[in-house]
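Below: one structure, written as structure tokens.
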Amino acid sequence: MTDILTNGKLRRSLHNLYVASFKEIKTGLYPQSYATRLLTTMMAGQPWSWQVIGITPRALEVFAANGFKTGSQRIHRGHRQSRADTAKAVFGRDKPMELEEFFEYFLRNDETVLMTPEENKANATGLPDYIPIDRALGLFVCGDLVGWKHTKKERAFLEALHSERQAQIGTGKEPL
């Protein structure tokens, strides 16, 4: 995540791509769905993309049932705001966002939570309750195209989180 926050050259380059795309979308030659694809192409598949900020309790239980392995078919990353809505917000304006406004808006809405497919379908009204995951841990880094990198580090984290939650339940404390 630090590259996109600290690398001014990268930020300017991506913002230039956004501004050029904005101008082309405004020609009317492309439908709004094209804006979503452009934004996804520019901003996805990077280590800082689709930053995982949490996991739902149901998703954690799915991981537990599968030995804390990836479970990509059983677990999704749900965005804080749909990519289509983010594209509408950044392209559906009279003029392009300035660099800082663009990144502040985009990165906030690019955050994701690990959840079940059913929770993701219901995600249109906002994120479900989730257990926060500290970004500084560098977990669940975006894959080169889709998915996330799920290494021993992610499995160990999930196993420890699950054990901690089970211990809380055993003491009568209600975890999130």
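Note that these values count all heavy atoms, side chains included, but never hydrogens, waters or copies made by symmetry.
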Report summary line: d(R83 CZ, N109 CG) to nearest 0.5 Å is 12.5 Å
Report task. Indicate whether any N or O donor in one side chain lies under 3.5 Å from an N or O acceptor in the other, for T151 and E154. Result -> yes
Query raised in the report: Do T86 and H79 touch side chain to side chain, with heavy atoms closer than 4.5 Å?
Result: no
Report task. Please name all residues satisfying side-chain contact (heavy atoms from CB on, under 4.5 Å) with S13, sequence neighbours left out, ordered by chain then number. Result -> none
Report summary line: Taken to the nearest 0.5 Å, the spacing of F22 CZ from R93 CZ works out to 7.0 Å
Query - R80 side chain near I53 side chain, heavy-atom distance below 4.5 Å - result: yes
Requested in this report: Can you measure from CG (L158) to CD1 (I75) and round to the nearest 0.5 angstrom?
Outcome: 9.0 Å
Query - Rounded distance (nearest 0.5 Å) linking atom CZ of F106 with atom OG of S49 - result: 6.5 Å
Report task. Assess whether atom CD of E104 is packed by more than 12 heavy atoms of other residues, nucleotides or ligands within 6.0 Å. Result -> no
Query raised in the report: Restricting to pairs with a member in residues 5-18, which pass salt bridge (charged side-chain N to carboxylate O under 4.0 Å, His left out), not counting sequence neighbours?
Result: R11-E100
Query - Side-chain heavy-atom pair Y18, M43 within 4.5 angstrom cut-off - result: no
Query - Heavy-atom check, side chain of W48 versus side chain of L5, under 4.5 Å - result: no
Report task. Report yes if some heavy atom in the side chain of L39 is under 4.5 Å from a heavy atom in the side chain of F91; otherwise report no. Result -> yes
Query raised in the report: Quick one: CD on Q51 to CH2 on W148, what's the gap to the nearest 0.5 Å?
Result: 13.5 Å
Requested in this report: State yes or no: do F63 and I133 share one hydrophobic cluster built from I, L, V, M, F, W and Y residues joined by side-chain heavy-atom distances below 4.5 Å, directly or via other members?
Outcome: yes
Query raised in the report: Is there a side-chain contact between H150 and R155 (heavy atoms, below 4.5 Å)?
Result: yes
Requested in this report: Ignoring hydrogens and angles, state whether a donor on the side chain of E61 or H162 is under 3.5 Å from an acceptor on the partner side chain.
Outcome: yes
Query raised in the report: Between F103 and L38, is there a shared hydrophobic cluster once you connect ILVMFWY residues whose side-chain heavy atoms come closer than 4.5 Å?
Result: yes
Query - Which residues share a salt bridge (Lys or Arg N to Asp or Glu O under 4.0 Å) with R108, sequence neighbours left out - result: E111
